[in-house]
Amino acid sequence: MIRYEFLMQIRKRSLWISMGLLAVITVLGQGDAGPRYLPDDASARVVASSWAFLWSLLLPIVAGMVLADRLVRDDRLGVSRLLESLPTTATTRVMGRFLGALAATATPIFLATVIAGGAESISREDPAVLLWTPIAFGLVLLPGLVFVGAFAMVVPLLLTAPLFRVLFVGYWFWGNMLGPSYMPSLAGTLLTPVGDYTASWLLGERALYAGADGWLQLLRPEPNGVTAALSVALLLGVGLIPLLVGSRVLARRATA
Amino acid sequence: MDITIRNLRRRFGKVEALRGVDLELSGGMFGLLGANGAGKTTLMRIIAGVLSPTSGQVLIGGHDMSTRQGRVAVQRRLGYLPQDLGLYPDLTAVEFLDYIGLLKGLDDRTARRRQIAELLEVVGLSDVANRKLKGFSGGMRRRVGIAQALLGDPALLVVDEPTAGLDPQERIRFRTLLATLPGRRTVLLSTHVVEDVAQTCRETAVMVDGRIVFTGAVSDLVRGAEGVTWEVVTSGPPPTVGEIVSAVSDAGGTRYRVVSVTPPDPAAIPVPPSLEDGYVAFMQGAAAGRSSA
Ligand SMILES: Nc1ncnc2c1ncn2[C@@H]1O[C@H](COP(=O)(O)OP(=O)(O)O)[C@@H](O)[C@H]1O
Ligand SMILES: [Mg+2]
């Protein structure tokens with residue numbers, strides 16, 4: 001079942017086009033702090049993490065966009081009534097769809113990290129960069145994708161997909177990139193899906209705002225290995241909440 | 001699978017879609033006949049366990065549909081073709097059926113694949129088995145719909161308006177297909193097209209405004225129009241007595257088929273009734289009963 005959820009998502013042309021476009025924009029638009037301008041003696045770990053963090057600034061926006069229709073489209077396509085009549089529970093359906101669609105959505109992002117890692121390995125003559133690439137992907141990108149993907153699939157059940165998409169873009173910049181010293185935001189907290197804490201730990205310096213003083217001081221400890229792990233755990237744990245809520249909503253709807 | 005329904009009611013806000021339905025049925029093909037809005041889809045959704053009644057009781061194969069266990073037990077042996085079923089456009093026919101098969105709990109991969117191939121053969125879609133569903137015509141989609149319903153060899157098959165929106169040729173093909181389905185199972189077919197029932201079912205129920213007003217053999221429903229079915233050929237105005245079932249232009253004028261207790265015209269000749277006439281006669285009687293009540 002996960003296989004088919006994966007197939008349906010990976011066959012979406014909009015997934016590849018928008019990921020591709022945004023990846024190009026990301027590469028061209030990276031500032032002086034971008035991984036392209038890292039010194040020649042930068043370690044493989046720093047190079048790979050730096051790329052992963054760069055990808056995680058914008059690509060998850062596309063992920064949220066293309067995952068937003070996954071549950072609501074059953075109604076639009078007229079498949080809901082059939083699915084509800086099948087003996088599989090709503091929880092299993094939601095989880096299967098989440099895993100399959102998320103894996104498909106993460107595929108182009110993973111490819112982007114591998115391409116960047118491969119290119120760096122060659123230009124720096126250091127194969128270790130390619131070895132660090134999946135690790136950086138798993139730590140910096142994946143937890144945030146799980147978090148964002150779970151909300152993206154379920155919130156549209158309550159708000160409709162177009163409204164969710166608008167709010168989501170606003171949230172993304174507010175919750176990740178708006179410095180906490182300008183106005184209260186979730187940027188730089190353990191719940192920042194951009195992977196600020198894990199990237200900061202891997203890079204050995206603050207990636208963006210991780211741990212910077214601001215609103216909700218409790219969620220802003222010093223970035224280090226322990227707090228990076230805590231951030232991953234929190235993102236995954238909180239990501240589970242919308243999935244459980246979504247299962248409940250669909251189960252109730254099935255016997256309205 | 002036996003179905004027993006007692007005093008079933010369902011209300012949507014102010015609309016009472018079901019107003020006390022009683023129904024008993026066992027094996028074979030059963031036709032649920034009624035105009036649009038009569039409550040057929042509401043009834044079928046309750047039987048499929050995807051809608052809760054406001055009150056009343058539904059027992060299917062001994063399982064109480066008001067409990068979760070009861071619903072799941074029935075759903076394991078159910079094939080359901082919802083009205084206006086949509087399909088995932090980006091899957092092929094085989095992939096879609098495999099997906100539904102998995103959700104039906106058919107876990108043995110080889111057995112599932114074999115069954116899918118057989119069903120595609122039955123519904124005549126083997127040639128396009130590996131084509132994306134987005135290219136399928138209405139009739140082809142409907143056949144995918146019936147194939148998914150048949151997955152897992154269900155003991156109860158619920159098909160809601162399976163011929164609606166099909167062209168005449170597809171409609172006939174589809175009816176022929178439906179007529180082959182019963183075997184040992186119970187098939188519940190809903191339709192607003194009298195001919196669908198006439199061609200496929202022996203037993204039928206007629207639904208009007210959320211109530212079942214007739215249950216019995218199709219032949220009994222036909223018999224109800226005996227002696228009240230007439231044909232009149234006239235080039236003048238159409239008959240004003242009774243209800244016109246059909247009108248066909250002919251050389252000598254228009255040939256009207258009329259259901260009426262009294263002859264609609266001095267020249268009217270009595271003719272043997274069809275199910276359509278029986279249905280019209282029955283509805284007339286029901287309307288008269290209601291207005292006098
Ligand atoms: N989900 C719903 N919400 C509100 N009204 C509904 C709903 N489903 C059906 N109805 C109403 O209930 C009545 C019966 O509808 P339905 O069961 O679809 O009839 P049929 O299938 O015989 O055409 C109609 O008046 C319809 O408008
Ligand atoms: Mg209907």
Side-chain angles (χ1 to χ4, degrees), chain A residues 1-18 66-101 103-105 107 153 161 247-256, chain B residues 10 12 41 44-54 65-69 71-92 94-107 109 132-134 141 144-145 148-149 151-152 154 156 158 160:
Chain A
M1 172 197 173
I2 295 174
R3 190 173 92 84
Y4 287 112
E5 305 291 2
F6 179 86
L7 273 183
M8 284 192 255
Q9 180 77 333
I10 203 115
R11 284 175 185 171
K12 240 184 170 179
R13 207 170 299 160
S14 62
L15 168 69
W16 292 95
I17 294 173
S18 37
V66 296
L67 283 167
D69 73 339
R70 286 297 99 179
L71 284 177
V72 287
R73 77 173 190 148
D74 286 343
D75 279 341
R76 179 166 47 81
L77 292 173
V79 194
S80 305
R81 288 295 166 191
L82 172 59
L83 297 180
E84 288 163 9
S85 78
L86 303 173
T88 298
T89 63
T91 311
T92 310
R93 262 193 289 133
V94 168
M95 292 299 173
R97 180 153 306 180
F98 175 70
L99 293 177
T105 308
T107 299
M153 258 184 39
S247 305
R248 287 290 301 158
V249 170
L250 290 183
R252 273 168 171 269
R253 192 180 287 183
T255 50
Chain B
R10 170 70 208 213
F12 295 104
T41 296
M44 301 201 115
R45 279 165 58 183
I46 292 173
I47 290 172
V50 296
L51 186 72
S52 300
T54 306
M65 293 296 279
S66 66
T67 67
R68 224 186 82 74
Q69 295 92 311
R71 280 195 300 273
V72 173
V74 170
Q75 286 174 339
R76 281 186 206 290
R77 305 176 62 197
L78 169 77
Y80 177 39
L81 175 56
Q83 186 170 5
D84 306 322
L85 173 67
L87 310 169
Y88 291 123
D90 29 30
L91 291 186
T92 66
V94 168
E95 288 168 347
F96 181 76
L97 293 175
D98 205 35
Y99 178 77
I100 299 297
L102 283 164
L103 292 176
K104 279 195 177 186
L106 309 176
D107 291 328
R109 187 188 151 96
K132 294 262 179 76
L133 293 168
K134 64 180 145 212
R141 279 160 197 267
V144 174
Q148 69 73 24
L151 273 171
L156 172 63
V158 175
D160 195 357

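Just so it is clear: chains get the letters A, B, ... in the order the sequence lines come, proteins before strands, and each one is counted from 1. Since this is a predicted model, take the numbers as computed values, not measurements.
- When the candidates A:Glu5, A:Arg253, A:Arg93 are compared by the number of heavy-atom contacts under 4.5 Å with chain B, A:Glu5 comes out ahead.
- When atom types are taken as modelled, the side chain of B:Arg10 and the backbone of B:Ser52 share a donor-acceptor pair closer than 3.5 angstrom.
- Proximity to chain B is limited to the side chain of A:Leu7, based on heavy atoms less than 4.5 angstrom apart.
- By number of non-hydrogen pairs under 4.5 angstrom with chain B, the leading residue of A:Arg76, A:Arg3, A:Arg11 is A:Arg11.
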Test B:Leu91 against A:Met8 for side-chain contact (heavy atoms from CB on, under 4.5 Å), laying out the working first.
CA-CA 7 Å; B:Leu91 291 186; A:Met8 284 192 255; 3.5 Å; yes
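- Only the side chain of B:Leu78 comes within contact range of chain A, with at least one heavy atom under 4.5 Å from a heavy atom of that chain.
- You'll find the ring centres of B:Tyr99 and B:Tyr88 inside the 6.0 Å limit.
- Proximity to chain B (any heavy atom under 4.5 Å) is restricted, for A:Thr89, to the side chain, taken from C-beta onward.
- With hydrogens and angles ignored, the 3.5 Å screen pairs no side-chain donor or acceptor of B:Lys104 with any backbone N or O of B:Gly152.
- Using a 4.5 Å cut-off between heavy atoms, B:Arg77 makes no contact with chain A at all.
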Before you tell me yes or no, could you show the steps for A:Arg70 and A:Thr105 under side-chain contact (heavy atoms from CB on, under 4.5 Å), namely the whole-Å CA-CA distance, both residues' side-chain angles and the distance that decides it to 0.1 Å?
CA-CA 11 Å; A:Arg70 286 297 99 179; A:Thr105 308; over 6 Å; no
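- The two residues B:Asp90 and A:Arg73 come nearest to each other via the heavy atoms OD2-NH1, 3.8 Å.
- For B:Asp84, the part lying under 4.5 angstrom from a heavy atom of chain A is the backbone only.
- Of all heavy-atom pairs between A:Leu82 and B:Gln148, the closest is CD1-OE1, 3.3 Å.
- Highest contact tally toward chain A, considering only B:Leu102, B:Leu103, B:Val158, is held by B:Leu103 [criterion: heavy-atom pairs under 4.5 Å].
- Proximity to chain A (any heavy atom under 4.5 Å) is restricted, for B:Leu87, to the backbone atoms N, CA, C and O.
- Most heavy-atom pairs under 4.5 Å with chain A: of the set B:Val74, B:Val72, B:Leu85, B:Ile46, this distinction falls to B:Leu85.
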